[in-house]
Amino acid sequence: MSKTFVFKFGGASVKDAGSIKNLSEILFNRLRNGLVIVISAMGKTTNRLEEILQIKYRQEDYSSNITILKEFHLEICRQLFEENSSIFPIVSNLITQLEKQLERSLTKENYDYFYDQVVCYGELLSSKILQEYLCSKGYICVWQDAREIIQTDSNHRFAKVNWDQTTANCQKQLAPKLKQFPVIVPGFIGSTVTGDSTTLGREGSDFSAAILASCLHAQSVTIWKDVPGVLNADPKRFSDTVKFEELDYHEAAELTYYGASVIHPKTIKPLANAGIPLFVKSFLQPTESGTKIHHMDYINEKIPCIVVKDDQSLLSFKVTDFTFINEGHIQEIYQGLNELKLKVNLLQTSAISISIVVDRQDFKIEKLIANLQDAFQIRFNEHLQLITIKHHNPITIEKIIKGKEVIMEQITRTTFQVLHKPASS
Ligand code: ASP
Ligand code: MG
């Protein structure tokens, strides 16, 4: 039996015709049976689909947005394929299916379900285009719908994987194909037992790669990115970044927890449990070493790592009855957060109030406030930024907080966090 490897290519690596040609060059001497290739939606397609949903929700006309989305994909295809290629009816057909989905009624109540039925088209389009392109270049590979493999619950937009069923599907459907061909799989999506599409959370294609690797007992996963590997800060925001040659699974998981967008937070756990190494490499410099994330017996030098999270909301819950904050209050708030699947990014308590920082999410924060307003006096700030420094030192802290309008700060032995109001908001 040949060995299984998993590659994942994100939206930036398939954002235009040139990127897809570059991707096929990376695959040139790496494509072989046993290789699973997980693909994200092209460029910013998921954002575009989210915009279409918003327009639909406001009951406004989204038809020109669909035309733009269709044209974006068709134009890429025109640059990659012969005029009579079968990709053109495939793309048109997928867009027609998307339009059909959008004709149904969208309400606040079915929003998350509806989201998944619509947003999955980004990955369906990109993976189909890539498979057809590789085949047209003589690189024979097959396409596998992730929704037939990755089975989830019906927690739409944040679906949880049914690992037993997904493993069985991998062994039954994917493994036999992999014996003969490389297989292209759309990332980010799965389906419920009744066949409804689900998504795994934004940027979830990394997680798709980890799920498939774990269920297939792969040798490794490689995530191809537009950065040279895992860096100690986002190079788009900071200069003088340092690349890690290797990182322990724990260290990498912690960085993703604080919001490092280089890898999706759920990716590390299944790989660490199965001892499968994760390589993060540059699709612009494919022969460079990148970063290897694996189990390390020793931890290297503690370089300060800076992680920035945008669009944070601060909620302060103040007790109204002259009691002090106790376990009961904390439990009540956490129960409310848990019901809405809101994750706390920072928590601080004082004698009479509890402050929490969460990602902004449509409808959820207003629901939380509505659910808890009888018990607390609630204050709410939006559009804040949370910066976390792991392995902080005084110089890095000073550099980070300089000139900022600080709202909240927290420091432990290893981690410093600051919530501030960005100048532009
Ligand atoms: N296309 C999805 C997103 O943009 C999933 C991914 O790219 O991993 O969130
Ligand atoms: Mg992406």
Side-chain angles (χ1 to χ4, degrees), residues 6-16 19-20 23 36-54 65 69 72-73 76 91 94-95 98 101 111-112 114-131 145-147 149-150 152 155-161 184-191 197-213 221-227 230 234 236 252 256 259-271 278-281 283 309-311 341 343 359-362:
V6 180
F7 282 2
K8 181 262 171 172
F9 290 94
S13 57
V14 286
K15 70 176 193 304
D16 52 29
S19 314
I20 294 174
L23 195 164
V36 181
I37 302 164
V38 176
I39 295 289
S40 291
M42 291 176 154
K44 299 276 173 227
T45 298
T46 308
N47 292 5
R48 300 289 97 84
L49 287 162
E50 286 188 346
E51 280 158 23
I52 291 172
L53 268 171
Q54 293 286 340
N65 299 68
L69 190 80
F72 169 72
H73 287 90
I76 290 175
V91 168
L94 284 168
I95 298 284
L98 167 65
Q101 290 291 347
Y111 195 91
D112 289 351
F114 203 102
Y115 177 103
D116 284 354
Q117 312 318 305
V118 165
V119 165
C120 61
Y121 281 92
E123 270 68 15
L124 295 175
L125 283 159
S126 62
S127 57
K128 277 286 186 188
I129 292 171
L130 185 73
Q131 187 229 349
D145 192 337
R147 296 172 300 180
I149 304 288
I150 299 181
T152 69
N155 181 22
H156 288 284
R157 292 180 75 169
F158 303 95
K160 281 218 175 69
V161 177
I184 313 275
V185 184
F188 182 48
I189 65 175
S191 86
S197 301
T198 51
T199 60
L200 304 169
R202 285 301 308 264
E203 306 298 332
S205 300
D206 292 352
F207 185 37
S208 303
I211 295 165
L212 298 177
V221 174
T222 306
I223 296 182
W224 297 88
K225 308 254 335 167
D226 56 357
V227 286
V230 179
D234 181 349
K236 291 180 191 117
T256 68
S261 60
V262 64
I263 313 160
H264 185 276
K266 289 185 180 162
T267 310
I268 306 288
K269 190 177 166 203
L271 299 180
L278 170 63
F279 295 92
V280 179
K281 282 171 74 93
F283 60 73
K309 245 177 180 293
D310 286 316
D311 224 354
K341 306 271 184 305
K343 181 179 147 272
D359 294 345
R360 188 180 65 82
Q361 274 186 53
D362 296 330

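Ligands are counted one by one from 1 in listed order, and the atoms in each one are counted from 1 as well. Keep in mind that this is a model prediction, so the values were computed, not measured. Reckoned from all heavy atoms, side chains included, excluding hydrogens, waters and symmetry mates.
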Colleague: If we only consider heavy atoms of Gly122, is any one of them less than 4.0 Å away from an atom in ligand 1?
Modeller: no
Colleague: Tell me, do Asn155 and Thr198 make a side-chain contact under 4.5 Å, heavy atoms counted?
Modeller: no
Colleague: Output yes when the distance from some N or O of ligand 1 to some N or O of Thr46 is under 3.5 Å, and no in every other case.
Modeller: yes
Colleague: Answer whether the closest heavy-atom distance between the side chains of Ile129 and Met42 falls below 4.5 Å.
Modeller: yes
Colleague: In plain terms, say whether Lys236 and Asp234 are close enough for a salt bridge, that is, a side-chain N and a carboxylate O under 4.0 Å apart.
Modeller: no
Colleague: Under the side chain to side chain contact (heavy atoms under 4.5 Å, CB included) test, which residues partner Lys269, sequence neighbours left out?
Modeller: Asn273
Colleague: Pull out every atom of ligand 1 sitting under 4.0 Å from any heavy atom of Arg202, numbered as shown with elements.
Modeller: 3 (C), 4 (O), 9 (O)
Colleague: Heavy atom of Glu123 under 4.0 Å from ligand 1?
Modeller: yes
Colleague: Going by the order shown, which atoms of ligand 1 are within less than 4.0 Å of some heavy atom of Phe188?
Modeller: 2 (C), 5 (C)
Colleague: Have a look at His264 and tell me which of Ile223, Thr256, Leu200, Asp206 forms a side-chain contact (heavy atoms from CB on, under 4.5 Å) with it.
Modeller: Asp206
